[in-house]
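Within every chain, numbering begins at 1; the chains are lettered A, B, ... in the order of the sequence lines, protein sequences first and strands thereafter.
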Number of protein chains: 2
Amino acid sequence: MLDKPTGDWRAERREAARAEILRVAGQLAREHGLAGLSLRDLARRLGMAAPSLYSYFESKNALYDAMFTEGWQTLLDLPQPDPDPDLRTSLRRSTHAYVRWALEDPVRYQLLNQRTIPGFEPSPEAYAVAQRAYEHMMAPLRALVDVTQEDLDLLTALVGGLINQQIANEPGGTRWVGLVDDAMDLYAQWLRARATTTPAA
Amino acid sequence: MLDKPTGDWRAERREAARAEILRVAGQLAREHGLAGLSLRDLARRLGMAAPSLYSYFESKNALYDAMFTEGWQTLLDLPQPDPDPDLRTSLRRSTHAYVRWALEDPVRYQLLNQRTIPGFEPSPEAYAVAQRAYEHMMAPLRALVDVTQEDLDLLTALVGGLINQQIANEPGGTRWVGLVDDAMDLYAQWLRARATTTPAA
DNA sequence: GTCTATATGTGGATAGAC
DNA sequence: GTCTATCCACATATAGAC
């Protein structure tokens, strides 16, 4: 009969511990690279024995999965910039916010957008969060104009390409992401041209 | 006095053995992922003992470095499509050839274009080959129009973005790379607009 | 050059005591 | 939940026989 309330604060403590583990795991991943993350390191930094981690995550991949979910969740929590009726202005604002978020933690971006860890594949639940984050980012554009899936795919490729190049070839710099405004002008032009050539499609 | 000719066929045999190791290493990387490559597996598949590999490569990273060099070399060996005076046609042809090459071995593309292996950084010699391959791919465009570094950066981001999305989200499919023609039209439009707005810059 | 044998250090993961 | 002890696979490296 006492199980419910007891379980509550136990679950709370457990969740707090899990969150702390995820926080430190993120730190270590930023320091040693995503694949360089080791459970021994993680446990040492947390002041616990390595096997104790298995009380909170059933495997290293489960830990990656939780980091994956949490990462997309931060994007979902990102407030959308003020809506603007002008397509170019709206595109620029959303994209700038996204790029800032991506560059603020390149390792997180790598985990979320590339399949680089051999055995890891996000669980269906984690993938669902990623999907919601995607729709969250696309919502302002959808509200402004009619876009096809192809239009959105081209946008994600363009923005993702700039971010990838920046992270891979000049971490910390602005050579590629400095082209975001140009890229968005280009893309807005494209959208308008499509709207006039295929209005009945 | 016999050293020179003797050294010749010895060096030949040695090079043949190195090439065979690289070939099988590529196979294994495609099967188990780049980071999943193990020297024990590699030696087993080659029918030799693991320590024997050290006669050909002084470390695992040296092996990655050779794979890196060889990978860029295949791009350098890629014949450029017939030159065409029309910008859009030329862009489409070059890009199609590049995309085909990239998708024909996604793991190679990952090794060449992302820093995903913790300890590995290409040697200066390997990096020089990568640079030459880059110029090789850009040469047809350069021959046709005056382009700034920013123009080329936008192109690499756009094409690389399509390839990355394809590999990460739908390996084996065509959802993103099917947009290459659209993307090149978009980019050609951009180049022409730039040429007319900043002719004196 | 290539093998066997061996050694160290790292990693994920499990069993079982407390 | 947490610990110690342990297992297995791996990278790296060396010694010594053939």
Chemist: The side chain of A/S38 is closest to which nucleotide in this list: C/dG12, D/dT4, D/dT12?
Modeler: C/dG12
Chemist: From CG of B/L28 over to C1' of D/dC10, roughly how many Å is that when rounded to an integer?
Modeler: 15 Å
Chemist: Just to confirm, is there a sub-4.0 Å distance from OP1 or OP2 of C/dG1 to any side-chain nitrogen or oxygen of B/S55?
Modeler: no
Chemist: Taking atom CD of A/Q27 as the centre, report whether more than 12 heavy atoms of other residues, nucleotides or ligands fall under 6.0 Å from it.
Modeler: yes
Chemist: Given atom CG of A/L39 and atom P of C/dT14, what is their separation to the nearest angstrom?
Modeler: 11 Å
Chemist: Base, sugar-phosphate, or nothing for A/L53, non-hydrogen atoms under 4.0 angstrom?
Modeler: nothing
Chemist: If I take atom CZ in residue A/R10 and atom P in nucleotide D/dG1, what distance separates them, rounded to the nearest angstrom?
Modeler: 8 Å
Chemist: Given C/dG12, D/dC10, D/dA11, which nucleotide is nearest the side-chain atoms of B/R44?
Modeler: D/dC10
Chemist: Reckon A/Y56 touches a base, only the sugar-phosphate, or nothing at all at heavy-atom distances under 4.0 Å?
Modeler: sugar-phosphate
Chemist: Taking 4.0 angstrom as the limit, do A/R92 and A/D185 come out as a salt bridge?
Modeler: yes
Chemist: With sugar-phosphate meaning primed atoms plus P, OP1 and OP2, does A/L63 contact a base, only sugar-phosphate, or nothing at under 4.0 Å between heavy atoms?
Modeler: nothing
Chemist: Is a donor on one side and an acceptor on the other found under 3.5 Å between the side chain of A/Q114 and the backbone of B/Q110?
Modeler: no
Chemist: Would you say the side-chain atoms of A/Y64 pair up with the backbone N or O of A/L34, donor to acceptor, closer than 3.5 Å?
Modeler: yes
Chemist: Using atom OH of A/Y64 as one end and atom P of C/dA13 as the other, report the distance to the nearest whole Å.
Modeler: 10 Å
Chemist: Starting at atom NZ of B/K60, determine the distance to atom C1' of D/dA11, rounded to an integer number of angstrom.
Modeler: 7 Å
Chemist: Base, sugar-phosphate, or nothing: which does B/R14 touch, judged by heavy atoms less than 4.0 Å apart?
Modeler: sugar-phosphate
Chemist: Between the base of D/dA11 and the side chain of B/R40, is there a donor and acceptor pair under 3.5 angstrom?
Modeler: yes
Chemist: Measuring from the side chain of B/P51 (C-beta onward, heavy atoms only), which nucleotide among D/dT14, C/dG12, D/dC3 has the closest atom?
Modeler: D/dT14
Chemist: Any chance you could lay out the salt bridge (Lys or Arg N to Asp or Glu O under 4.0 Å) test for A/R132 and A/E135, step after step, and finish with the verdict?
Modeler: CA-CA 5 Å; A/R132 282 174 50 213; A/E135 284 305 329; over 6 Å; no
